[in-house]
2 protein chains.
Amino acid sequence: MDEALRAVADPTRRAILLLVRDGEVAAGDLARHFPGISRPAVSQHLRVLTSAGLLGVRRDGNRRLYRLRREGLAEAAGFIQDMWSDRLDLLKRAAEQEENEQGAR
Amino acid sequence: MDEALRAVADPTRRAILLLVRDGEVAAGDLARHFPGISRPAVSQHLRVLTSAGLLGVRRDGNRRLYRLRREGLAEAAGFIQDMWSDRLDLLKRAAEQEENEQGAR
DNA sequence: CCCCTATGTAAGATAGTGCTTAAATACTTA
DNA sequence: TAAGTATTTAAGCACTATCTTACATAGGGG
């Protein structure tokens with residue numbers, strides 16, 4: 001999870017994720033969306049995202065097609081949602097925990 | 001959102017968020033949970049989290065009590081969930097967009 | 001008032017990140 | 001197999017983050 005959250009902390013990488021959200025995109029096409037930065041820089045971001053499990057890659061002849069790996073976000077999404085969820089869930093959790101403690105005695 | 005996601009990318013800060021999830025905690029009590037790092041370091045993490053809108057502070061005499069600000073996570077949670085949500089949502093979004101484009105013509 | 005506790009701020013060392021240019025790898029096509 | 005296209009890897013550099021120690025601030029209690 002740590003790697004995934006670190007990866008998502010960068011705005012360029014978030015933009016990349018948005019670009020591949022709806023299907024496969026070639027590295028070059030991705031790089032074209034960032035006129036401000038060089039292709040190698042984008043390539044490095046792709047490596048970070050891939051290594052974090054957030055992207056999958058496939059070779060298609062010359063090109064490399066990247067796609068979103070939603071599973072990679074599962075843990076991170078879990079944490080965020082856990083923190084973000086409101087008091088109702090909190091009370092529920094507390095109740096369950098207390099129940100477990102009761103059972104353990 | 002950028003600041004919130006960057007803040008959450010650090011494991012120590014995530015641990016802090018977990019500690020304040022269920023209620024207010026004094027800075028010193030938080031620091032005690034991290035024997036490996038100094039109190040000032042924790043204080044700096046608290047500043048980052050507060051500045052990102054993820055924590056709220058309140059003075060209580062000598063001490064400062066920190067609490068989780070769930071609202072601060074809203075945007076970040078939205079992004080993650082948006083990326084993490086499965087193809088059903090995706091198709092729905094595509095349909096809506098197409099509908100909008102139709103309407104715009 | 002003086003001292004103790006709780007906490008934050010400042011300054012500096014160190015490590016990590018993200019960018020760039022140059023070179024390497026890999027596939028495609030004539 | 002030579003040349004072209006797509007992409008990654010390498011090396012180096014500037015900027016940022018995180019930690020540490022030393023100091024400053026602020027409230028509480030004798």
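Under a cut-off of 6.0 angstrom, the local environment of CZ in A:Arg39 is sparse, with at most 12 non-hydrogen atoms contributed by other residues, nucleotides or ligands. The environment of B:Glu24 atom CD is dense: over 12 non-hydrogen atoms of other residues, nucleotides or ligands sit within 6.0 angstrom.
Atom CD1 in B:Ile37 sits roughly 13 Å away from atom P in C:dG8 (whole-Å rounding). D:dC13 atom C1' lies 13 Å from atom CD of A:Gln44, rounded to whole Å. Nucleotide D:dT5 holds its P atom 11 Å from the CZ atom of A:Arg39, rounded to whole Å. As rounded to whole Å, 13 Å separates atom P of D:dT18 from atom CG of B:Leu46. Distance A:Leu49 CG to C:dG18 P: 10 Å, rounded to the nearest Å. Per the geometry, CZ belonging to A:Phe34 stands 14 Å off C1' belonging to C:dC19, to the nearest Å. B:Leu30 has its CG atom 13 Å from the C1' atom of C:dA6, to the nearest Å.
Between B:Arg47 and A:Gly36, the residue anchored nearer the 5' end of DNA chain C, judged by the nucleotide with its closest heavy atom, is B:Arg47.
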Please encode protein proximity along nucleotides 22-28 of chain C as a string of B, S and -, counting only heavy-atom distances under 4.0 Å. B---BBS
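Counting any heavy atom pair closer than 4.0 Å across all strands shown, B:Ala26 reaches sugar-phosphate atoms only and no base atom. Backbone-only contact: B:Ala27 has heavy atoms under 4.0 Å from sugar-phosphate atoms and none from a base.
Put simply, the side chain of A:Tyr66 does not reach to within 4.5 Å of the side chain of A:Val25, judged on heavy atoms. Using a 4.5 Å heavy-atom threshold, the side chains of B:Arg21 and B:Arg70 count as touching. With a 4.5 Å cut-off on side-chain heavy atoms, B:Met1 and A:Arg14 count as touching. With contacts defined as side-chain heavy-atom distances shorter than 4.5 Å, the pair A:Leu17/B:Met83 qualifies. Taking the side chain as every heavy atom from C-beta outward, B:Leu19 and B:His33 approach each other to under 4.5 Å.
For D:dT8, the OP1/OP2 oxygens have a side-chain nitrogen or oxygen of A:Tyr66 closer than 4.0 Å. Residue A:Ser38 places at least one side-chain N or O under 4.0 Å from the OP1 or OP2 atom of C:dT20. Checking the phosphate oxygens (OP1, OP2) of C:dT17, no side-chain nitrogen or oxygen of A:His45 falls inside 4.0 Å.
Nearest nucleotide to the side chain of B:Ser43, out of C:dT7, C:dG8, D:dT8: C:dG8.
Taking 4.0 Å as the cut-off between side-chain N and carboxylate O, A:Arg6 and A:Asp2 count as a salt-bridged pair.
Proximity of residues 5-17 of chain B to DNA chain C (heavy atom under 4.0 angstrom from any strand atom) is not detected for any residue.
One distance of note links NE2 of A:His45 with CZ of A:Phe34; it measures 8.0 Å at 0.5 Å rounding.
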